[in-house]
Amino acid sequence: MIPSVLPTYNRAPLTFVKGEGAWLTEADGRRFLDLGAGIAVNALGHAHPALVGALTEQAHALWHVSNLYHIPQQQALADKLVDLTFADTVFFTNSGTESCELAVKMARKYFYDQGQPERVEIITFDGSFHGRSSAGIAAAGSEKMTKGFGPLLPGFVHVAFGDLDGVTNAISDNTAAIMIEPIQGEGGIRPVPDVELKALRQICDDNGLLLILDEVQCGVGRTGKLFAHEWAGITPDIMMVAKGIGGGFPLGAVLATEAAASGMTAGTHGSTYGGNPLGCTVGCAVLDHVATPAFLDGVNRKAGLLRQKLEGLVADHPDVFEEVRGSGLMLGLKCKAPNADVVAAGYDNEVITVPAADNVIRLLPPLTLTEDDIAQAQIRLEKAAQQVQGQLASA
Ligand SMILES: Cc1ncc(COP(=O)(O)O)c(C=O)c1O
């Protein structure tokens with residue numbers, strides 16, 4: 001009999017009932033160090049007092065009004081994002097997938113309104129992940145996500161990760177945009193080198209294309225800058241955001257330049273919940289914390305410390321791990337042992353990591369992780385590594 005919850009996830013045998021900072025309490029009372037943060041969502045950790053306070057206060061005042069009316073909290077969050085980034089305008093969504101949908105629509109509408117309706121194609125990369133909607137799975141293109149779900153939304157051209165010549169060769173009179181994650185998350189923490197991001201910006205400029213960055217996983221302070229592309233010194237035309245921006249409240253956004261957004265006039269897009277007072281109040285509180293030099297400096301410092309511990313772990317367990325990858329607090333351990341075994345050994349030792357493609361485990365901890373938490377991470381990951389090493393030896 002099918003379970004009452006549609007069985008699309010292989011769930012770990014864990015049920016968390018409470019969270020505080022970087023710690024989760026299981027129903028049986030065990031405390032787990034959370035190095036996954038709901039896959040890069042709980043940017044300020046669990047139950048951050050500022051977020052609890054903001055949400056509670058707003059909940060007492062007003063939960064929801066339609067986008068048919070002005071929403072001051074939405075205006076405030078949009079103003080902050082415009083002040084802090086390349087963007088001139090913002091549309092709020094409830095998830096990364098919805099941000100992908102709008103990014104695709106926005107790019108196509110831009111060219112339609114420019115009198116070039118044939119320009120519909122978006123170049124994307126192998127190993128990418130942009131969400132589970134029809135546009136999202138077509139954008140990523142992997143068989144794992146698309147099989148059985150055809151006919152797929154047309155208009156996506158897939159290029160090998162890191163293949164700039166492939167990008168140039170894929171450009172035609174029908175090309176509208178290039179869409180890329182500055183660091184692939186689900187694909188296995190694969191950063192796009194700064195020189196390649198710069199080159200992609202140049203390719204877009206030379207060919208009149210829009211650059212769409214998917215910062216759903218790598219954005220909002222995770223790499224030690226507010227947005228990951230800032231390290232490369234470039235700006236996109238359109239950017240997808242979600243996860244960390246809501247700190248655990250479902251919130252996403254599409255940020256865009258005035259030119260890129262020019263086709264999105266009244267009636268061309270909408271959302272019942274996107275940008276509602278609860279979500280935007282929390283989003284403002286998240287940004288007020290994350291978008292400060294002191295906070296981002298702290299992320300960089302803690303990232304350096306965590307990375308150093310992970311390098312030691314890899315050196316001590318060459319049969320289990322191959323290398324450390326990533327940037328800031330978006331780190332990956334490329335495994336030699338099966339990554340599922342390493343994640344499971346983490347559970348046994350009360351530390352949570354997240355598997356990714358390419359046999360990688362991801363570490364995406366709350367950005368508020370403390371030095372004590374990092375010390376605990378080392379202890380627990382070391383125990384997990386020893387456990388896996390023992391399993392390999394007895395296999
Ligand atoms: C880079 C990227 N884009 C898009 C998405 C989809 O976001 P959501 O699950 O919020 O729809 C994800 C989710 O993991 C992601 O990592």
Side-chain angles (χ1 to χ4, degrees), residues 6 8-9 36-43 91-107 122-142 144-146 149 153 156 158 161 177-192 197 200 211-223 227-229 236 238-255 271 273-276 279 282-283 286 325-332 352-358 360-365:
L6 191 73
T8 59
Y9 279 90
I39 317 188
V41 167
N42 304 98
F91 184 93
F92 292 103
T93 69
N94 308 286
S95 68
T97 302
E98 287 168 73
S99 294
C100 174
E101 289 290 325
L102 174 53
V104 170
K105 284 177 69 176
M106 187 182 279
I122 298 179
I123 297 173
T124 61
F125 294 85
D126 291 348
S128 63
F129 184 79
H130 301 293
R132 297 289 195 157
S133 63
S134 294
I137 61 173
S142 75
K144 187 177 152 212
M145 267 182 283
T146 56
F149 295 116
L153 186 69
F156 294 95
H158 304 105
F161 182 74
I178 297 173
M179 180 191 281
I180 189 165
E181 302 158 78
I183 304 176
Q184 282 193 352
E186 304 298 313
I189 309 292
R190 296 201 293 173
V192 180
L197 273 183
L200 289 172
L211 179 63
I212 304 172
L213 293 183
D214 182 344
E215 293 231 13
V216 166
Q217 195 162 143
C218 63
V220 194
R222 185 138 294 276
T223 65
F227 289 102
H229 66 265
I238 300 172
M239 181 166 72
M240 295 143 61
V241 177
K243 291 186 180 276
I245 186 77
F249 195 95
L251 177 65
V254 174
L255 281 61
S271 169
Y273 295 116
N276 86 2
V282 177
V286 169
R325 305 172 165 177
S327 165
L329 289 173
M330 183 165 183
L331 294 169
I352 295 167
T353 60
V354 184
D358 205 23
V360 163
I361 66 165
R362 276 176 283 179
L363 290 84
L364 308 157

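The figures here come from the full heavy-atom set of this structure, side chains too, leaving out hydrogens, waters and symmetry mates. Atoms within each ligand, like the ligands themselves, are counted from 1 in listed order.
- Note that the CG atom of Asp358 and the CZ atom of Arg325 stand 4.5 Å from one another [nearest 0.5 Å].
- Contact residues for ligand 1 (protein heavy atom closer than 4.0 angstrom to any ligand atom): Ser95, Gly96, Thr97, Phe129, His130, Gly131, Glu181, Glu186, Asp214, Val216, Gln217, Lys243.
- In this structure, the separation between OG on Ser99 and CD1 on Ile245 is 10.0 Å, given to the nearest 0.5 Å.
- Between the side chains of Thr223 and Ser327, no donor N or O sits under 3.5 Å from an acceptor N or O.
- Residue pairs meeting the side chain to side chain donor-acceptor pair (under 3.5 Å) criterion with at least one member in residues 132-142, sequence neighbours excluded: Glu101-Ser133.
- Between Leu255 atom CG and Phe92 atom CZ the span is 7.5 Å, to the nearest 0.5 Å.
- Around the CZ atom of Phe161, the shell of radius 6.0 Å holds more than 12 heavy atoms that belong to other residues, nucleotides or ligands.
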